[in-house]
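Here the structure is laid out as structure tokens; the discussion comes afterwards.
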There are 2 protein chains.
Amino acid sequence: MDRATVAAHPRLDVCHHRSSALLTLHSPFARKLGAFVALTSEEMAALDRLHGRRKTFPARRDMVHQGMTNQSCYILASGWVCSYKLLSGGTRQIVDFQIPGDFLGLRSVLFRTADHNIEPVTKVEASEVLAGDLLDTFSKTPRLATAVLWAASRDEAMVVEHLVGIGRRDARERTAHFLLELGARLKLVGLGTASGFACPLSQYMLGDALGMSAVHVNRVLRELREGGLVTFQRGQVEIHDLDALVALADFDKSYLDHDGPLLK
Amino acid sequence: MDRATVAAHPRLDVCHHRSSALLTLHSPFARKLGAFVALTSEEMAALDRLHGRRKTFPARRDMVHQGMTNQSCYILASGWVCSYKLLSGGTRQIVDFQIPGDFLGLRSVLFRTADHNIEPVTKVEASEVLAGDLLDTFSKTPRLATAVLWAASRDEAMVVEHLVGIGRRDARERTAHFLLELGARLKLVGLGTASGFACPLSQYMLGDALGMSAVHVNRVLRELREGGLVTFQRGQVEIHDLDALVALADFDKSYLDHDGPLLK
DNA sequence: CACAATCACTGATCTGCGTAAGTCCACGCT
DNA sequence: AGCGTGGACTTACGCAGATCAGTGATTGTG
């Protein structure tokens, strides 16, 4: 399977209906927020209006980089992006990957200047959300501000889990954990299943995300493959022994879940 | 200087005036939020009302631990706390330290169950904020929701910087960066100066925060001391060569700053 | 006052992982 | 066809930092 097909997967497409019928399926982003705050049709509509101009970005060319001011944020419709920080030595640390349905660049808007880079991993389609529109929406439909706060907290929980992994897990555990988390997230938005998913990341990117060298990523992936746990080849991750992987990684997916709206 | 005096430092005390005079100094927390959203006196008052019962916690006994449900959050008045996650192997990773004026436990409220532990480093005084009160306040004074979103983003930026450090900086750089960040934060709330600050952390805690062994923390601190950069002894950090330290750590404090309210 | 804890600090040994330096595809150019 | 580029994958070597196993000083406590 070709990498590019990941970005073109039909299920990635965001629904654009402006209909106000209560049961209409809205964007994956709206569905995600709805999991925390039970949204009224009016709030749903406000969310849909937020989706501004649809933009396309080519793979591998930064959408945003450190120090840029007056940025917009984006709601990812298709493709993958990563956010990373550069260090003076020329190395980088990838902080997170965003997949379809994810919100990105919130921090770049709230602080007026971007504190990290955003690079599309594949070709990307995203709706631009202008800073002003976002803040307006918050003041007109205040519960959406709380909903976005919740979404941001969920992102923070992922960063925290990532931090824990890099700080206290060894390379194999870390890699296993990463693949499991990615799989769980993809499953939530309807990409991938319990047994595998398409993944456009190179071993270099994995290395930059996991805080290790690409060489070592390769070694670890081989070990995991030879141990019959997972294979990651030609852009495809296949999970062969989920239980063993979960045990190895000490994976607890509760931080990705939510058990129904907190705000009625 | 005794450790305990850190917690008892007079400047740590939160101001409790309920006066609605516009120019009253409010809590450090209110001042922090005011840096992002220009707060009206009414919003200030709502914030002050948020401070619920004042509670005291002894050092070293978890206030909150993973899996607890229906938690409150807290506004720290005096003392230090750390938030950490436990791994199955028995090791832990400290994610962040909170100092007076910081808000803690937001994630434990938004997700209904705590995803991390919170342990007082010293004896601690904090105002409890009940989950319901917080959400009420958001709906009644919506701009406060946006302000808290901003504060949460700032915390996330710190976690990100921490992640970058553990992933891509070596032990000396990481330690230097940590001390600089801590110093900068303490200076913002009026504890400590450019040349030093009181710090109640043991080398074990530093190790758990920096993702290294306490043994190695000790060696690194010795190197930094012998190099004439910083000394960290008997609960006191003295910065002797700020420039060299900033250069070593590749420290850029912009992620801690804010340049005036974004929301008028 | 003895005791158990907790902490700073040290030296010796071992190892996970980075670095350097490659090979071997599969591809999109011209 | 001939070249350049980017990714997967190796092997050999060396080092940063973990682990183990201590010492001694300073606390708080029954």
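Because only heavy atoms are used, hydrogens play no part in the values below, and waters and symmetry mates are left out as well, while side chains stay in. Within every chain, numbering begins at 1; the chains are lettered A, B, ... in the order of the sequence lines, protein sequences first and strands thereafter.
- In this structure, the CG atom of A/Asp170 is 20 Å from the P atom of C/dC14, given to the nearest Å.
- The distance between atom CZ of B/Arg169 and atom P of D/dG17, rounded to the nearest whole Å, is 14 Å.
- Side-chain contact check for A/Glu125 and A/Thr56: no donor-acceptor pair (N or O, by modelled atom type) lies under 3.5 Å.
- Mapping B/Met205 and B/Arg222 onto DNA chain C by nearest heavy atom places B/Met205 at the nucleotide closer to the 5' end.
- Remark: A/His65 NE2 is loosely packed, at most 12 non-hydrogen atoms of other residues, nucleotides or ligands lying under 6.0 Å away.
- Between A/Gln233 and the phosphate of D/dA8, there is no side-chain N or O to OP1/OP2 separation shorter than 4.0 Å.
- In this structure, B/Glu223 atom CD and C/dC9 atom P are separated by 14 Å, rounded to whole Å.
- At least one test fails for A/Lys32 against the ring of A/Phe103: distance under 6.0 Å to the centre or angle within 45° of the axis.
- Ring to ring, B/Tyr74 and B/Phe57 are close: their centroids are under 6.0 angstrom apart.
- Using a cutoff of 4.0 Å between basic side-chain nitrogens and carboxylate oxygens, B/Glu161 and B/Arg169 are scored as salt-bridged.
- Here the side chain of B/Glu223 pairs no donor or acceptor atom with the backbone of B/Arg172 at under 3.5 angstrom.
- Classified by interplanar angle (parallel below 30°, tilted 30° to 60°, perpendicular above 60°), the ring pair A/Tyr255/A/His177 is parallel.
- In the helix from C/dC1-D/dG30 to C/dA26-D/dT5, the terminal helix axes, each the rotation mapping four pairs' C1' atoms onto the next four within five end pairs, subtend 40°, rounded to 10°.
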Set out, line by line, the N/O atom pairs under 3.5 Å between protein and nucleotides 18-22 of chain C.
from: C/dG18; atom 1: OP1; to: A/Ser213; atom 2: N; distance (Å): 3.0
from: C/dG18; atom 1: OP2; to: A/Ser213; atom 2: N; distance (Å): 3.2
from: C/dG18; atom 1: OP2; to: A/Ser213; atom 2: OG; distance (Å): 2.9
from: C/dG18; atom 1: N7; to: A/Arg219; atom 2: NH2; distance (Å): 2.8
from: C/dG18; atom 1: O6; to: A/Arg219; atom 2: NH2; distance (Å): 3.3

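- Distance, B/Arg234 CZ to D/dT26 P: 10 Å, rounded to whole Å.
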Which donor-acceptor pairs under 3.5 Å do side chains of residues 183-201 of chain A form with protein atoms, sequence neighbours excluded?
from: A/Arg185; atom 1: NH1; to: A/Phe97; atom 2: O; distance (Å): 3.2
from: A/Arg185; atom 1: NH2; to: A/Phe97; atom 2: O; distance (Å): 2.9
from: A/Arg185; atom 1: NH2; to: A/Asp102; atom 2: OD2; distance (Å): 2.7
from: A/Thr193; atom 1: OG1; to: A/Ser195; atom 2: N; distance (Å): 3.1
from: A/Thr193; atom 1: OG1; to: A/Ser195; atom 2: OG; distance (Å): 3.2

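- Rounded to an integer number of Å, the gap from B/Leu206 CG to C/dC7 P is 12 Å.
- Map B/Thr91 and A/Phe232 each onto its nearest nucleotide of DNA chain D; the residue landing nearer the 5' end is A/Phe232.
- The side chain of A/Ser202 has D/dG7 as its nearest neighbour among D/dG7, C/dC9, D/dG17.
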Exercise for review: Please step through side-chain contact (heavy atoms from CB on, under 4.5 Å) for the pair B/Phe251 and B/Leu242, ending with a clear verdict.
Suggested key: CA-CA 11 Å; B/Phe251 182 64; B/Leu242 184 63; over 6 Å; no
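- Look at CG on B/Leu221: it is 10 Å from C1' on C/dA8, rounded to the nearest Å.
- No engagement by B/Arg172 is indicated, since no non-hydrogen atom pair under 4.0 Å with the nucleic acid exists.
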